[in-house]
Amino acid sequence: MKPVGRVSIVDTLIIELRKEISRGVWQVGDRIPPESQLAETLGVSRLSIREAVRVLIHAGLLTARQGDGTYVTATDEGQVALRRHLGRAETADILDVRRGLDIVAARLAATMRTEEDLDKLREAMERRAVAGRAADLDAFTDADVDFHLYIAEASHNWLLGDLYRNMSDALWETVKANQCMDDAGDDPFHTALFEAVLAGDPIAATAAALSILDDYTDGEP
């Protein structure tokens, strides 16, 4: 990258960093390289890098974790806006949207899943069970949300997976608030969903996904 002038260096850097994020060089959840490395790679000062990163943090694409580095939190401002809307949404509205996503995700996952997808689902199910037995609500919620995200990813519809990833924070709150862990030891619904996906049965997968959401709704305060 060759900045066209001192005045435009930061703007040029912002464009370059946005490209890295949008192209998937740095994906959501990834830590970006440190200032010193970026400065050396792009041939600019660390001060210019710092200012460009600050702008992207303000835009919601990056977040700084003190003592740990800077992480990608969104690939564009549309994702940021969606997350802000979800943060203000009522639980019932989130569940209504999730119902539509889960039905499509379950149906597609049953026909499109790979062995790698099944391994990820098994791992999430095991973490969910272990956390439930240990009464670790945060770990249980992490595993539950991961399980449903992996179902969406198993659909191999990139847009569906992207929407689900952007809803993860809101889904985390609904799962935790509904105390789903109370039924972790006797939960036939998630098992039924996994087995339907494993068997390649889209009808059974759709029915299991609906049963999970109906169970959440029944458990609302």
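Atoms considered below: every heavy atom in the structure, side chains included; atoms not considered: hydrogens, waters and symmetry mates.
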Quiz prompt | Partners passing side chain to side chain donor-acceptor pair (under 3.5 Å) against Ser45 (at least two apart in sequence or in another chain) | solution = Ser48
Quiz item: Any chance the side chains of Thr114 and Asp117 put a donor and an acceptor closer than 3.5 Å?
Solution: yes
Self-check item: Single-linkage hydrophobic cluster, 4.5 Å side-chain cutoff, Leu159 and Met112 together
Solution: no
Quiz prompt | Minimal non-hydrogen separation, Val197 against Ala109, with atom names | solution = CG1-O, 3.8 Å
Quiz prompt | Nearest heavy-atom neighbours spanning Arg127 and Ala143 | solution = NH1-CA, 3.6 Å
Show me the side-chain donor-acceptor pairs of residues 24-32 shorter than 3.5 Å, one per line, residues at least two apart or across chains.
unit_1: Asp30; atom_1: OD2; unit_2: Gln27; atom_2: N; d: 2.8
unit_1: Arg31; atom_1: NH1; unit_2: Asp68; atom_2: O; d: 2.9
unit_1: Arg31; atom_1: NH1; unit_2: Asp68; atom_2: OD1; d: 3.4

Self-check item: From CD1 (Ile212) to CG (Leu193), nearest 0.5 Å
Solution: 4.5 Å
Self-check item: Any donor-acceptor N/O pair, Ser22 side chain to Lys19 backbone, under 3.5 Å
Solution: yes
Quiz item: What closest approach, in Å, do Ala131 and Phe140 show between heavy atoms, and which atom pair accounts for it?
Solution: CB-N, 3.3 Å
Self-check item: Sub-4.5 Å side-chain heavy-atom contact between Ile14 and Asp11
Solution: yes
Quiz item: More than 12 heavy atoms of other residues, nucleotides or ligands under 6.0 Å from CD1 of Ile57: is that the case?
Solution: yes
Quiz prompt | Nearest non-hydrogen partners of Ser155 and Leu108, listed with the distance | solution = CB-CB, 3.5 Å
Exercise. Give a yes or no on whether Glu40 atom CD has more than 12 heavy-atom contacts from other residues, nucleotides or ligands under 6.0 Å away.
Key: no
Quiz item: Nearest 0.5 Å, what's the CD1-CG distance between Ile151 and Leu121?
Solution: 4.5 Å
Quiz item: Do the side chains of Val10 and Ile15 join up, straight or via other hydrophobic residues, at under 4.5 Å, putting them in one cluster?
Solution: no
Practice problem: Would you mind telling me which of Thr12, Leu62, Val53 makes a side-chain contact (heavy atoms from CB on, under 4.5 Å) with Leu17? | Solution: Val53
Quiz item: Can you name the side chain to side chain donor-acceptor pair (under 3.5 Å) partners of Glu116, sequence neighbours left out?
Solution: none
Self-check item: Least distance between heavy atoms, Leu198 atom then Arg113 atom
Solution: O-NH2, 2.7 Å
Exercise. Report the distance from atom CE of Met125 to atom CG of Asp144, rounding to the nearest 0.5 Å.
Key: 10.0 Å
Exercise. Only pairs at least two apart or in different chains count here, so list each salt bridge (Lys or Arg N to Asp or Glu O under 4.0 Å) that has a residue in residues 52-64.
Key: Glu51-Arg54
Quiz item: So how far is it from Ile49 CD1 to Gln37 CD, rounded to the nearest 0.5 Å?
Solution: 10.5 Å
Practice problem: Work out which heavy atom in Thr73 is nearest to a heavy atom in Gly60; give both atom names and the distance. | Solution: OG1-O, 2.8 Å
Quiz item: Linking I/L/V/M/F/W/Y whenever any side-chain heavy atoms sit under 4.5 Å apart, do Leu61 and Tyr71 land together?
Solution: no
Quiz item: Got a second to check how far Glu35's CD is from Thr70's OG1, nearest 0.5 Å?
Solution: 7.5 Å
Quiz prompt | Approximate separation, where rounding is to 0.5 Å, of Leu210 CG and Ile103 CD1 | solution = 4.0 Å
Quiz item: Hey, mind stepping through Arg133 and Val130 against side-chain contact (heavy atoms from CB on, under 4.5 Å) and telling me if it holds?
Solution: CA-CA 5 Å; Arg133 291 192 293 268; Val130 169; 3.4 Å; yes
Quiz item: When hydrophobic residues are tied together by side-chain contacts of less than 4.5 Å, even through go-betweens, does Leu118 share a cluster with Phe189?
Solution: yes
Exercise. Please identify each residue that fulfils side chain to side chain donor-acceptor pair (under 3.5 Å) with Arg107, with sequence neighbours left out.
Key: none
Practice problem: Please identify each residue that fulfils ring-ring contact (aromatic ring centres under 6.0 Å, His included) with Phe147, with sequence neighbours left out. | Solution: His190
